[in-house]
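Report on one structure; see the data block that follows.
Proteins come first, then strands; the chains are lettered A, B, ... in the order of their sequence lines, and each starts at number 1.
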There are 2 protein chains.
Amino acid sequence: MSLPHAILTALLEKPSSGLELTRRFDRSIGYFWSATHQQIYRELGKLEQAGHIRALPAPVPSRGQKKEYEVLPAGRAELTDWVRRAEDPKPIRDALLLRLRAAAVVGTEGFADELRRHLALHRTQLDEYRDMEDRQFPPERRTAEADRLRHLVLRGGIELERFWTAWLTEALAEFDGRDGPTNC
Amino acid sequence: MSLPHAILTALLEKPSSGLELTRRFDRSIGYFWSATHQQIYRELGKLEQAGHIRALPAPVPSRGQKKEYEVLPAGRAELTDWVRRAEDPKPIRDALLLRLRAAAVVGTEGFADELRRHLALHRTQLDEYRDMEDRQFPPERRTAEADRLRHLVLRGGIELERFWTAWLTEALAEFDGRDGPTNC
DNA sequence: GATCGTTATGCAACTTGTTGCACAAGGGGT
DNA sequence: ACCCCTTGTGCAACAAGTTGCATAACGATC
């Protein structure tokens with residue numbers, strides 16, 4: 001039940017069209033809650049029907065025309081309520097950890113390469129986050145409440161990627177140390 | 001596409017019935033890939049149809065009777081293939097980070113309590129993992145390849161929970177430091 | 001011997017996320 | 001005038017995950 005709330009947040013930060021939202025999801029918000037343009041359009045439709053958002057009056061209301069949405073009071077109320085609600089963390093669902101466990105059963109051939117590949121990906125992401133931190137949150141921008149909170153969210157992303165790079169390094173040391181892909 | 005592979009792994013580690021699998025998912029494997037008994041039964045059906053597993057011959061094949069499954073060669077082959085396949089890490093989907101970002105827009109009232117609640121939950125999970133580590137992987141059990149890999153998986157869980165407790169502590173310091181729930 | 005809790009399997013309906021494709025408008029090139 | 005590319009919206013079908021409930025065997029207990 002988080003996608004509609006992610007959209008409401010994004011629209012409160014700045015009213016947008018479906019495609020603009022999609023792009024913003026690919027950049028900032030999507031780092032913590034990704035979504036395809038399909039999901040977004042479908043959800044925009046539902047949110048509009050529910051009276052949480054509305055399309056800004058457009059000159060030519062037809063297909064293939066940009067449609068901007070803004071949040072209505074009911075939408076803001078729903079979002080506020082969601083933030084206040086208690087919600088337990090969901091258990092981890094991570095395919096790589098699972099695959100490593102499977103590898104313990106069926107053999108680890110080629111798995112070190114996959115770990116290296118993931119390590120490279122996470123390092124890239126980590127660098128990107130750090131760039132964002134430098135650009136969007138220089139020390140003087142860390143006084144306003146809202147900025148400090150957004151910075152905290154980004155810190156979460158950074159620390160998460162740090163966790164992955166650290167764990168993958170540890171795992172590779174294990175693989176390279178003892179060496180040799182072992183077949184079951 | 002990971003649940004069937006999680007089940008194959010579990011069944012290779014030990015042939016089981018649906019309910020036994022469900023319980024094992026609640027304990028070990030489910031820490032990295034959770035599933036309800038519904039998903040498991042449905043997936044067992046599909047795996048059987050696909051010829052990846054088979055039900056061990058039971059004396060009384062009727063409803064309400066335990067049915068044990070074992071992995072067939074085709075199932076093992078499929079699992080091996082999955083472990084070897086390259087698969088990119090999925091983007092994070094975390095509701096708490098998202099909610100914090102929403103809180104930056106609609107106000108943080110009561111959010112510190114929610115952070116404290118999550119911190120407590122993650123600390124509990126961390127302790128549980130550490131107990132598991134002590135019990136299942138004492139130093140002398142860390143020589144066999146398969147054990148070392150399973151230990152590595154558990155280390156992943158531990159470091160992840162460590163990340164959360166650290167980040168939540170940081171976040172709470174931010175909240176308590178400046179103090180006072182601020183309404184938008 | 002009727003009822004009740006536990007173990008065990010499963011159906012049906014629903015929500016959420018993914019994939020592939022269709023449709024429409026407008027601009028640029030040839 | 002025609003084609004192609006980009007921007008933009010959207011349907012349809014499917015896959016995966018969730019929730020609520022039904023069914024059946026088995027042992028205990030009153």
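- B:Ser16 pairs in a side chain to side chain donor-acceptor pair (under 3.5 Å) with only one of the listed residues (B:Glu70, B:Arg24, B:Glu68), which is B:Arg24.
- For the pair A:Glu114 and A:Arg99, the tightest heavy-atom approach, listed with the atom from each and the gap, is OE2-NH1, 3.1 Å.
- Positionally, the nearest nucleotide of DNA chain C for B:Tyr41 lies more toward the 5' end than for the other of A:Ser34 and B:Tyr41.
- Look at A:Arg93 and you won't find any side-chain N or O under 4.0 angstrom from OP1 or OP2 of D:dA16.
- Straight-line distance from the CD atom of B:Glu20 to the C1' atom of C:dT6: 15 Å, rounded to whole Å.
- Distance CD (A:Gln38) to P (C:dT15): 19 Å, rounded to an integer number of Å.
- Distance A:Glu68 CD to D:dT7 P: 17 Å, rounded to the nearest Å.
- Salt-bridge formation is detected for the pair A:Glu159/A:Arg155: a Lys NZ or Arg NE/NH1/NH2 atom is positioned less than 4.0 Å from an Asp or Glu carboxylate oxygen.
- With D:dA16, D:dT9, C:dG10 as the choices, the nucleotide that has an atom nearest any side-chain atom of A:Lys67 turns out to be D:dT9.
- Close to D:dA15, at under 4.0 Å from its OP1 or OP2, lies no side-chain N or O of B:Lys46.
- Comparing D:dC21, C:dA8, D:dT7 against the side chain of B:His37 picks out D:dC21 as the nearest.
- Counting to the nearest Å, the C1' atom of C:dT15 and the NZ atom of A:Lys90 are 11 Å from each other.
- Atom CG in A:Leu19 sits roughly 17 Å away from atom P in C:dA25 (whole-Å rounding).
- In this structure, B:His5 atom NE2 and D:dA16 atom P are separated by 10 Å, rounded to whole Å.
- Here the shortest heavy-atom pairing between B:Phe175 and A:Leu152 reads CE1-CD2, 4.4 Å.
- When the side-chain nitrogen and oxygen atoms of B:Arg42 are compared with OP1 and OP2 of D:dA15, none of them lie within a distance under 4.0 Å.
- The distance from atom CD of A:Gln39 to atom P of C:dT15 is 16 Å, rounded to the nearest whole Å.
- Ring geometry, A:His118 versus A:His122: the interplanar angle falls from 30° to 60°, so the pair is classed tilted.
- If you measure from atom CE of A:Met1 to atom P of C:dC14, you get 16 Å, rounded to the nearest angstrom.
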